[in-house]
Amino acid sequence: MKTSSATIQALMQQAHQRALQLHADSLTLEHLLEATLANEDSAACQAVTFAFADPETLGQEILAIANGLMVVGSKAVLPFSPLAVKSLYQARESAASRGATAVLLTDVLEHAYEYAPDEICKDLSQAGLSLTSLRHEDESGDCLVDKGPLFRHFHNDTRRCLSLACKVAAQEKLEAISPAHLILGALSAADARELAGLRLSAAQQILRGRSADLTAPEERQLQPEGNLQALLQSLGDDADSLDLLLACHQHGSPELQAALARHKISPELLQRARGAWQDESPQTDG
């Protein structure tokens, strides 16, 4: 891959870290643009604001179509925390091992509890939660397969649980959905039924202010996808974030181009913005 400007290199580093937070399996143009718009000092972010658009809202729309494991809600788009992702994979594995047709609320609750901090588990147990009393009410049908897209075989109630967990995390202004949020989501989706002897109100009281998962994402090297490679090849050696945003009109997916159009971020506007704003001097690692 050709050598990019210092500005683009710095933004690529930020995008790579963002992609890790999203548990993506590759680095995409959406990760790069979302990271760029999150940088208030970037010329691209200032140009979007000049267009009377909201960089945060546009960033959320771009995030919703990015590669990764997240919940796309009407008011928030949030990824799962590292421990929440582990618990969800474990929930699917457990359901598959017993020959279930779908991942149930009880699977999510059971394994979210396993990945919650010990002190929280102790308090939840004292409030009545007992995994030994947990019953998986499996339906008859073909057994699910423990591979492929993670959420393919999640029951409708379980998908609702994930949405409710996202809502709680967003209300708490946290950046990821944790195992604690999954516990609350499962209990909420149970519609006032106790799961494993635990009531939602008791869990809410115990988890209030203690729900964040601050575990760092696993360090991995992600390879850029084809459209991102094409965009980087098209940029000049002195390219800035405005050049990047402009190139998205040519190399972005139809969904990304539609998002830019909805916010009136046109090539003409970006051309007019040249000279008006500049990127802050980047700081890169190494």
Got a second to check how far [X]'s [atom1] is from [Y]'s [atom2], nearest 0.5 Å?
X      : Y      : atom1 : atom2 : result
Cys248 : Leu228 : SG    : CG    : 9.0 Å
Leu63  : Leu37  : CG    : CG    : 11.0 Å
Lys147 : Arg152 : NZ    : CZ    : 10.0 Å

Shortest non-hydrogen separation from [X] to [Y] and the atoms involved:
X      : Y      : value
Ser42  : Thr36  : OG-O, 3.1 Å
Ile8   : Asp240 : CD1-O, 3.8 Å
Leu222 : Leu27  : CB-N, 4.0 Å

Indicate if [X] and [Y] have the same hydrophobic cluster label, given that clusters are the connected sets of ILVMFWY residues with side-chain heavy-atom separations under 4.5 angstrom.
X      : Y      : answer
Val168 : Ile120 : yes
Leu244 : Trp277 : yes
Leu164 : Leu207 : no
Leu33  : Val77  : no
Leu200 : Leu195 : yes

Does any N or O in the side chain of [X] come within less than 3.5 Å of the main-chain N or O of [Y], such that one atom is a donor and the other an acceptor?
X      : Y      : value
Ser178 : Ser81  : no
His155 : Asp157 : yes
Glu110 : Ala91  : no

Next on the checklist: Between Asp213 and Lys86, does any NZ, NE, NH1 or NH2 come within less than 4.0 Å of an OD or OE carboxylate oxygen?
Outcome noted: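 Result for this pair is no, no salt bridge flagged.
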
Checklist entry - Is it true that Arg262 and Glu61 have a side-chain N and a carboxylate O under 4.0 angstrom from each other? => result yes

Take atom [atom1] of [X] as the centre, draw a 6.0 Å sphere, and report whether it contains more than 12 heavy atoms from other residues, nucleotides or ligands.
X      : atom1 : answer
Gln171 : CD    : yes
Glu137 : CD    : no
Gln204 : CD    : yes

Checklist entry - Only one of Thr28, Leu29, Ile62 forms a side chain to side chain contact (heavy atoms under 4.5 Å, CB included) with Glu34, so which one is it? => result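 Going through Thr28, Leu29, Ile62 one by one, the side chain to side chain contact (heavy atoms under 4.5 Å, CB included) with Glu34 is satisfied by Ile62 alone.
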
Item to check | ring pair (Phe, Tyr, Trp, His ring centres under 6.0 Å): pairs with one or both residues in residues 198-254, sequence neighbours excluded | outcome: none

Verify whether one side chain among [X] and [Y] offers a donor that lies under 3.5 Å from an acceptor in the other.
X      : Y      : value
Thr57  : Asp54  : yes
Thr132 : Ser130 : yes
Gln250 : Ser234 : no
Thr101 : Glu139 : no
Ser241 : Asp279 : yes

Checklist entry - His16 and Gln13: side chain to side chain donor-acceptor pair (under 3.5 Å), yes or no, with the steps? => result CA-CA 5 Å; His16 189 272; Gln13 290 182 5; over 6 Å; no

Item to check | ILVMFWY cluster membership beyond Tyr115 - transitive side-chain contacts under 4.5 angstrom | outcome: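 Same cluster as Tyr115: Leu83.
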
Item to check | For Leu78, the rest of its hydrophobic cluster, which grows through side-chain links under 4.5 angstrom | outcome: Leu69, Val71, Phe80, Val85, Leu88, Tyr89, Val103, Val108, Leu144, Leu150, Phe151, Phe154, Leu162, Ile177, Leu182

